[in-house]
Amino acid sequence: MIRDKDTLNVLLDTVSSYVKERLIPNEELVAETDEIPADIIQEMKELGFFGLTIPEEYGGLGLTTEEEALVVMELGKTSPSFRSALGTNIGIGSSGLVFDGTEEQKNYYLPKMATGEVIASFALTEPDAGSDAASIRTTAKREGNVYIINGTKRFITNAPQAKVFTIMARTNSEIKGAHGISAFIIEADTPGISLGKLDKKMGQKGTHTCDVIFENCRVPATQIIGKEGDGFKMAMKVLEKGRIHIASLCVGIAERMLADALQYAMSRKQFGKPIAEFQLVQAMLADSKTEIFAARSMCLEAARHRDEGKNVSIEASCCKYFSTEMCCRVADRALQIHGGSGYVADYAIERFYRDVRLFKIYEGTSQIQQIVIARNMIRNAQV
Ligand code: COS
């Protein structure tokens with residue numbers, strides 16, 4: 001749902017200009033230094049990017065899912081690390097509170113997340129619990145007015161910068177699966193929390209992930225999000241929305257890679273003419289354009305349905321599955337069009353090719369999306 005077209009267009013123009021004028025020129029620096037310059041982070045905070053989706057009453061812009069998808073498509077036209085810096089605040093790090101937090105929790109944390117003063121991370125994955133998220137072993141044992149948290153969370157995006165973690169932990173060890181899990185909002189400086197070393201990733205330089213270790217970490221019972229035993233469902237709701245977000249991001253990135261490939265194909269000459277005039281190159285351009293259009297249409301339709309309050313479990317997974325796979329196919333074709341030049345780091349495609357590989361894995365692998373789609377189809381057919 002688009003609330004006000006003119007206001008949204010102003011925002012989209014702002015994002016688009018900022019991407020062109022500030023972010024694209026700094027892509028290589030971020031890749032080389034593995035850091036986003038502090039002045040850029042500050043500017044993005046001042047532009048309100050850290051609060052895009054946080055409800056207006058808590059200081060954010062309160063974007064609807066459709067508006068968010070359109071904004072993220074624009075943000076996608078540059079190195080994905082820039083989006084990641086704010087991605088947890090506007091998505092998986094804050095959504096749990098927005099959905100199920102108490103008024104007190106929302107009033108305390110959301111305004112700080114909206115300004116970027118507080119960076120929020122989402123901690124579900126563990127060394128032995130990735131796709132099988134319901135098998136997490138981190139425990140939260142209640143003792144009086146506190147929960148004592150023990151366990152290790154893995155690959156946690158923005159953990160080094162985080163001031164709060166939304167974490168899932170097992171409050172009832174007798175219930176092995178999803179229903180024994182609860183969610184908590186935990187401040188990063190709580191005694192008993194430590195961070196592992198930074199993961200050495202294949203791409204997405206400038207975004208940092210690491211283990212977050214909880215050792216007898218005492219957390220006030222008021223930090224639980226929602227009811228005891230409802231944490232897994234909260235995580236699934238968070239991820240469902242996140243899947244439309246990541247799918248939309250992939251549309252933007254694919255558009256950028258295709259634009260670069262088109263420019264290259266129109267300027268690079270072989271056999272006496274631009275390679276864009278060769279039909280086999282045209283096929284790669286056309287296939288990419290077609291798939292991007294399909295993914296874009298899917299994302300916007302799923303986003304609109306979510307805004308209408310419809311169940312989008314299937315659609316969100318279809319978007320994540322198709323769009324992330326599409327993005328990797330576009331990356332492969334765009335690199336192919338660049339030929340040998342695409343394999344060396346002189347062109348952005350060498351970096352994007354590595355960056356986009358993550359999308360088929362995180363926030364639910366392609367195989368998990370297939371399972372979610374098919375399971376829901378079967379369930380719907382039974383009722
Ligand atoms: N919204 C609300 N509730 C949901 C839900 C959703 N989208 N998806 C599942 N649930 C509920 C189910 O209804 C079920 O509740 P009931 O038992 O009361 O009916 C409960 O959650 C457990 O669901 P399910 O039985 O489907 O759990 P499974 O253990 O079989 O796991 C998958 C389901 C595989 C889909 C889940 O573990 C998953 O998404 N894994 C991937 C995790 C992931 O994306 N990790 C990324 C890292 S975090 S960036």
Side-chain angles (χ1 to χ4, degrees), residues 65 80 83-84 87-96 98-100 120-138 151-159 162 165-172 175-183 199 201 204 207-212 225-247 249-250 302 305-306 309-321 323-324 358-380 382-383:
T65 320
R83 196 278 333 174
S84 267
T88 48
N89 271 37
I90 66 169
I92 55 177
S94 67
S95 297
V98 173
F99 297 156
D100 293 334
S121 272
F122 180 77
L124 173 65
T125 301
E126 296 181 358
D128 293 315
S131 289
D132 185 6
S135 71
I136 58 166
R137 291 191 194 157
T138 296
T152 298
K153 296 291 179 181
R154 179 140 294 174
F155 306 138
I156 305 306
T157 303
N158 291 338
F165 296 104
T166 298
I167 90 145
M168 271 48 68
R170 194 166 291 286
T171 37
N172 188 334
I175 305 177
K176 293 285 169 242
H179 297 278
I181 296 170
S182 305
D199 298 317
K201 301 191 290 10
Q204 302 223 3
T207 302
H208 303 136
T209 64
C210 67
D211 281 3
V212 182
I225 305 176
K227 291 205 295 283
E228 240 191 48
D230 281 354
F232 185 81
K233 280 190 192 177
M234 187 218 77
M236 290 299 112
K237 286 189 284 182
V238 167
L239 287 171
E240 188 172 291
K241 181 163 191 275
R243 284 165 185 164
I244 301 176
H245 178 106
I246 295 297
L249 176 69
C250 284
H305 286 168
R306 187 175 182 280
K310 293 184 179 157
N311 181 326
V312 291
S313 294
I314 291 183
E315 291 178 26
S317 282
C318 290
C319 289
K320 166 85 173 40
Y321 178 38
S323 196
T324 59
L358 180 61
F359 295 126
K360 296 202 284 186
I361 300 170
Y362 77 171
E363 299 202 23
T365 61
S366 291
Q367 290 68 34
I368 287 295
Q369 308 313 324
Q370 289 173 300
I371 285 168
V372 172
I373 296 163
R375 272 193 190 179
N376 278 287
M377 287 169 63
I378 295 165
R379 198 169 302 144
N380 293 347
Q382 282 166 342
V383 289

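First listed ligand is number 1; within each ligand, the first listed atom is number 1.
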Distance alone, cut at 3.5 Å: any donor-acceptor contact between the side chains of D199 and T209?
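On atom types as modelled, these side chains qualify, holding a pair under 3.5 Å.
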Any side-chain donor-acceptor pair under 3.5 Å between T88 and N158?
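Indeed, the side chains of T88 and N158 share at least one donor-acceptor pair under 3.5 Å.
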Contact residues of ligand 1 with a heavy-atom cut-off of under 4.0 Å?
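Near ligand 1, by chain and number: F122, T125, G130, S131, A133, A134, A178, H179, F232, K233, M236, K237, L239, E240, R243, S313, E363, G364, I368, V372, R375.
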Rounded to the nearest 0.5 Å, what separates atom NE2 in H305 from atom OG1 in T65?
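It is 12.0 Å, given to the nearest 0.5 Å.
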M236 vs L239 side-chain heavy atoms within contact, under 4.5 Å
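SC-SC contact between M236 and L239 confirmed.
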Can you name the ring pair (Phe, Tyr, Trp, His ring centres under 6.0 Å) partners of Y321, sequence neighbours left out?
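In terms of ring pair (Phe, Tyr, Trp, His ring centres under 6.0 Å), with neighbours along the sequence ignored, Y321 is linked to no residue.
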Using a strict 4.0 Å threshold on nitrogen-to-oxygen distance, state whether K237 and D100 make a salt bridge.
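Yes, K237 and D100 are salt-bridged.
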